[in-house]
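In what follows, every chain begins at residue 1, and chains take the letters A, B, ... in the order their sequences are listed. For clarity, every value in this text was computed on a predicted model and none was experimentally measured. Any value given below was found using the heavy atoms of this structure, including those in side chains, with hydrogens, waters and symmetry copies removed.
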There are 2 protein chains.
Amino acid sequence: MSRAERIRILLADDHFIVRSGLVALIHSDPDLAVVAQASDGDQAVELFLRHRPDVALLDLRMPGRSGNAAIEEIRRQCPDARILVLTAYSGDEDIHKALEAGALGYVLKSSTGDDLLPAIRAVAAGQRWIPRDVATRLAMRSAYEELSHREIEVLREIARGLANKEIAHKLAITEHTVKDHLKSILGKLHVSARTEAVTAAVQRGIIEL
Amino acid sequence: MSRAERIRILLADDHFIVRSGLVALIHSDPDLAVVAQASDGDQAVELFLRHRPDVALLDLRMPGRSGNAAIEEIRRQCPDARILVLTAYSGDEDIHKALEAGALGYVLKSSTGDDLLPAIRAVAAGQRWIPRDVATRLAMRSAYEELSHREIEVLREIARGLANKEIAHKLAITEHTVKDHLKSILGKLHVSARTEAVTAAVQRGIIEL
DNA sequence: CGCCGCATCCCTCTTTCGAGGGAACAGACA
DNA sequence: TGTCTGTTCCCTCGAAAGAGGGATGCGGCG
């Protein structure tokens with residue numbers, strides 16, 4: 001990419017209004033140009049591969065294929081892809097997963113142009129861009145152990161209000177095992193009751209309702 | 001308001017990007033003009049009273065005074081105020097409260113210009129504007145009894161993971177009473193376990209995490 | 001005035017939770 | 001190879017939850 005050329009941007013957000021705002025904001029800078037817009041994850045992947053933009057600006061919460069799945073797919077097909085995540089804050093889990101999947105930067109939807117435009121330029125240049133407060137929160141996050149797949153599965157059923165016995169039946173394991181998973185969950189999340197485990201997990205973005 | 005004059009609009013949303021999108025969208029229609037922008041509830045009230053716009057376009061989720069509180073205050077000081085709520089869907093409780101507080105219309109943030117501009121015109125003309133699917137959901141909602149103030153208070157503590165005994169101590173009532181409230185909560189929400197009560201209440205917007 | 005909803009209190013009873021142990025086996029990893 | 005983690009199973013036991021009753025004041029509303 002030559003310095004003289006404009007930075008070509010792909011937008012992906014399911015809200016038309018947000019896309020409009022981004023277009024207005026980005027076009028206020030003559031060095032930047034929006035070359036494509038997607039309204040869901042699948043479209044984002046497709047348009048990325050077709051246009052090969054310098055930066056992809058992705059929301060994580062989208063219908064169809066989630067933002068994170070889209071990031072993984074794009075990076076799989078195009079390992080050099082430069083992706084900047086733009087989303088409303090909703091727990092650290094999503095952010096962490098997005099960065100793990102290969103996103104280079106992260107900005108909050110509450111950002112103004114003064115925050116967003118430098119982030120776009122930085123990511124277009126291949127640099128990382130993480131706001132300081134987000135970076136520190138992610139560092140703190142590592143204090144919590146990650147839940148295993150099975151534990152998350154159990155937690156999801158707990159959130160739905162099922163008793164241990166019902167969960168046991170549904171997952172085809174004994175009630176004892178369900179209790180053991182619950183013990184692990186409570187320990188890892190540093191909580192003492194199943195209800196608290198659910199709210200803590202929702203707040204951290206581990207499960208959704 | 002004369003028909004020949006432009007419809008004067010107040011925007012209130014905490015996301016700069018969303019405000020930009022709305023401005024771009026609204027200015028694409030020569031009959032509409034944004035006369036003021038607020039980024040929180042208090043500012044929305046202040047700017048409404050100063051500019052007396054024909055329509056106020058408010059988000060419900062805002063820092064400081066909530067969108068609903070802002071609606072109430074505006075309607076208290078100016079009963080003719082025409083307010084259109086624009087928000088991401090997050091349970092029916094907020095929508096219901098907003099309409100009760102005096103909002104004339106409601107549109108989802110996922111709307112396109114084709115949905116939003118007619119809504120603005122309708123509300124500016126003093127007409128109600130509720131999408132059909134929202135209206136039917138609100139009608140269904142009445143099948144659920146409303147929780148009393150005390151019950152919501154108890155439910156909030158349950159969500160935080162407190163045991164009945166702890167809740168009793170915190171609210172200065174006996175554990176028996178807590179259980180009685182819980183019984184009412186379970187009955188009204190049509191659920192059978194405290195954990196399920198929490199998730200159901202969160203989904204309906206009765207409590208937040 | 002009586003009725004109803006709310007909040008408060010009390011009881012018993014069975015089931016479920018959650019903490020405390022121990023143990024087996026598979027796969028990953030050094 | 002040994003070790004570690006995840007998953008599964010097992011046990012006991014006290015505390016908590018939830019269903020079932022009944023009862024008292026207090027306020028609003030017809």
- Please report, rounded to the nearest Å, how far the P atom of C:dG18 is from the NE2 atom of A:H181. 15 Å
- Starting at CD of B:E151 and ending at P of C:dG5, how long is that distance when rounded to a whole Å? 12 Å
- Message: Determine whether a donor-acceptor pair (N or O, by modelled atom type, separation under 3.5 Å) exists between the side chain of B:E72 and the backbone of B:A69.
- Response: no
- May I have the distance from B:R150 (atom CZ) to D:dC26 (atom C1'), rounded to whole angstrom? 15 Å
- Query: Which parts of nucleotides 15-20 of chain D does protein reach within less than 4.0 Å, heavy atoms only, written one letter per nucleotide 5' to 3' as B for base, S for sugar-phosphate only and - for none?
  - Reply: -SBBSB
- Task: Identify whether the distance between the nearest side-chain nitrogen and carboxylate oxygen of B:R137 and B:D92 falls below 4.0 Å.
- Result: yes
- Say whether, by atom type as modelled, one donor and one acceptor occur between the side chain of A:R8 and the main chain of A:R52 under 3.5 angstrom. yes
- Message: Quick one, A:L49 and A:Q77 - any side-chain contact, counting heavy atoms below 4.5 Å?
- Response: yes
- Send over the distance from B:L147 CG to C:dA7 P, rounded to a whole Å. 10 Å
- Query: Looking across every strand, which nucleic acid part, if any, lies under 4.0 Å from B:S148 by heavy atom: base, sugar-phosphate, or nothing?
  - Reply: sugar-phosphate
- Round to the nearest Å and state the distance from A:L171 atom CG to D:dT7 atom P. 12 Å
- Rounded to whole Å, CD of B:E166 lies from C1' of C:dG18 at a distance of 13 Å
- Expressed in angstrom and rounded to an integer, what is the separation of A:I173 atom CD1 from D:dC10 atom P? 11 Å
- B:Q43 side-chain N/O to B:S39 backbone N/O, donor-acceptor pair under 3.5 Å: yes
- Would the number of heavy atoms belonging to other residues, nucleotides or ligands and lying under 6.0 Å from NE2 of A:H51 be above 12? yes
- Task: Tell me yes or no: between the side chains of A:T87 and A:D59, is some donor less than 3.5 Å from an acceptor?
- Result: yes
Under 3.5 Å, which protein N or O atoms sit close to an N or O of nucleotides 27-30 of chain D? Give each pair with its distance.
none

- Task: Taking only the side-chain nitrogens and oxygens of B:H176, find out if one of them lies under 4.0 Å from OP1 or OP2 of C:dA7.
- Result: no
- Query: Which is true for A:T174 with a 4.0 Å heavy-atom rule: it touches a base, it touches only sugar-phosphate, or it touches nothing?
  - Reply: sugar-phosphate
- Message: Closer than 3.5 angstrom, by distance alone: can the side chain of B:S66 be matched with the main-chain N or O of B:M62 as a donor-acceptor pair?
- Response: no
- Query: Can a donor-acceptor pair be found between the side chains of B:E151 and B:S148 at a distance below 3.5 Å?
  - Reply: yes
